[in-house]
Number of protein chains: 2
Amino acid sequence: MLIYSYLMKNTNSIDHICKVIHKDVVNNVKQQMPHDDSFVYDLAEFFKAFADGTRLRILLALRISEMCVCDIAALLGMNHSAISHQLRILSHLRLVKQRKYGKVVYYTLNDVHVKALLDLGFEHVNE
Amino acid sequence: MLIYSYLMKNTNSIDHICKVIHKDVVNNVKQQMPHDDSFVYDLAEFFKAFADGTRLRILLALRISEMCVCDIAALLGMNHSAISHQLRILSHLRLVKQRKYGKVVYYTLNDVHVKALLDLGFEHVNE
DNA sequence: TGAATATATGAGCATATGTTCATATTGTCA
DNA sequence: TGACAATATGAACATATGCTCATATATTCA
């Protein structure tokens, strides 16, 4: 009796993954959804760029003007290092590009979609 | 000598916030950028919704069809609980809405911007 | 060449975040 | 009403993430 109860409990906690209620819906969606896991991963990585306050403010700033690391740090009242780390992330995501002039590295937006994306975000938040 | 060296070191590490190189640019950007901190915060929160693989797949699924918690869990091969937690987050961000029919709760997309945003992400990643 | 400056980067730390587990809640049906 | 089923939720845990510090690299200029 105790064993049975234990097994029941265990089974319940394992298949908390319940039975599919609408098999047709699940199959339909499964077909139409992106099948490539790495695609979904890359897509999430892309959106992550905008999902942090610091990176977002950097992008919002670069939307207005090309800026160097020093200026961005001053603008946001933050460490060089923190800005540089975030710019590296944005750079790897191909969202910003850089040009070097002497010691100074100037960053600009590198993607036509960035502005459009920020605009959509504006609309949503302003509702 | 040792004290001086220490002080120098300390000063350096404190004002790693370097002098502004382009004061005009910084001032200009500062004026044109959103001044409301909570706005930027909300904007980042909005983008966070898309910045996690699980939430992203949920949104991609709901883009195709209304679904209940069970079906989403089955589709993604995940726990009820995990899905439910994420749906709560999406719900608080007003990105999904729900209707209850008996025991079953059906979720749909609640924002016209979601599809547009996903489309932009598609374009970027596919480049 | 040596000092100073702008930027980059690795390590460490503190916090944030996603998942799981256990349990609660709500609704159906015998 | 009682058993079951679908969903919700709080706590705990493991991992991810952003910032700081120290240091490295690269460039200018005296």
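This one's a predicted model, so the numbers in the text were calculated from it and none came from an experiment. Order of the sequence lines fixes the chain letters, A, B, ..., with proteins taken first and strands second; residue numbering starts at 1 for each chain. Side chains are part of it too, since the values below use all heavy atoms of this structure and drop only hydrogens, waters and symmetry mates.
Not less than 6.0 angstrom separates the ring centroid of A:Phe50 from the ring centroid of B:Phe46.
What separates CD1 of A:Ile58 from P of C:dT7 is a distance of 13 Å, to the nearest Å. A:Ile83 places its CD1 atom 19 Å from the P atom of D:dT17, with the value rounded to the nearest Å. Rounding to whole angstrom units, CZ of residue B:Arg57 and P of C:dT19 are separated by 9 Å. At whole-Å resolution of the value, NE2 in A:His92 and C1' in C:dT9 are 11 Å apart. Whole-Å rounding puts the A:Met78 CE to C:dA8 P distance at 15 Å. Atoms CG (A:Asp52) and C1' (C:dA16) sit 11 Å apart, rounded to a whole Å. Atom C1' of nucleotide D:dG10 and atom NE2 of B:His80 are separated by 18 Å, given to the nearest angstrom. In this structure, A:Leu87 places its CG atom 13 Å from P of D:dG18, rounding to the nearest Å.
Cluster membership for A:Leu62 and B:Phe39, using ILVMFWY side-chain heavy atoms within less than 4.5 angstrom, is shared.
Nearest-nucleotide assignment on DNA chain D puts the 5′-proximal partner with B:Arg88, out of B:Arg88 and A:Ala51. In this structure, B:Thr54 and A:Cys68 both approach DNA chain C, and ranking their closest nucleotides by distance from the 5' end singles out A:Cys68. Summary of the strand contacts: A:Lys48 and A:Lys103 both lie near DNA chain D, and taking for each the nucleotide with the nearest heavy atom, the more 5' one is attributed to A:Lys48.
Distances shown here put every side-chain N or O of A:Gln86 at or beyond 4.0 Å from the OP1 or OP2 atom of D:dT17. A sub-4.0 Å separation between OP1 or OP2 of D:dT20 and a side-chain N or O of A:Asn79 is present. A close approach under 4.0 Å does occur between a side-chain nitrogen or oxygen of B:Tyr107 and OP1 or OP2 of D:dA8.
We find the OH-OG distance between A:Tyr107 and A:Ser91 to be 6.0 Å, quoted to the nearest 0.5 Å. Atom SG of A:Cys70 sits about 10.0 Å away from atom NZ of A:Lys103, to the nearest 0.5 Å. With rounding to the nearest 0.5 Å, the separation of CG in A:Leu75 from CD1 in A:Ile58 is 9.5 Å.
In this model, a side-chain donor or acceptor of B:Ser81 finds a partner on the base of C:dC21 within 3.5 Å. Applying the 3.5 Å distance criterion, the base of D:dT17 shares no donor-acceptor pair with the side chain of A:His85.
Looking at the side chain of A:Cys70, the nearest of the listed nucleotides C:dT7, C:dG18, D:dT7 is C:dT7. Distances from the side chain of A:Val104 to the nucleotides D:dA26, D:dA8, C:dT7 place C:dT7 closest. Of the candidate nucleotides C:dG27, C:dT7, C:dG18, C:dG18 has the atom nearest to the side chain of B:Arg55.
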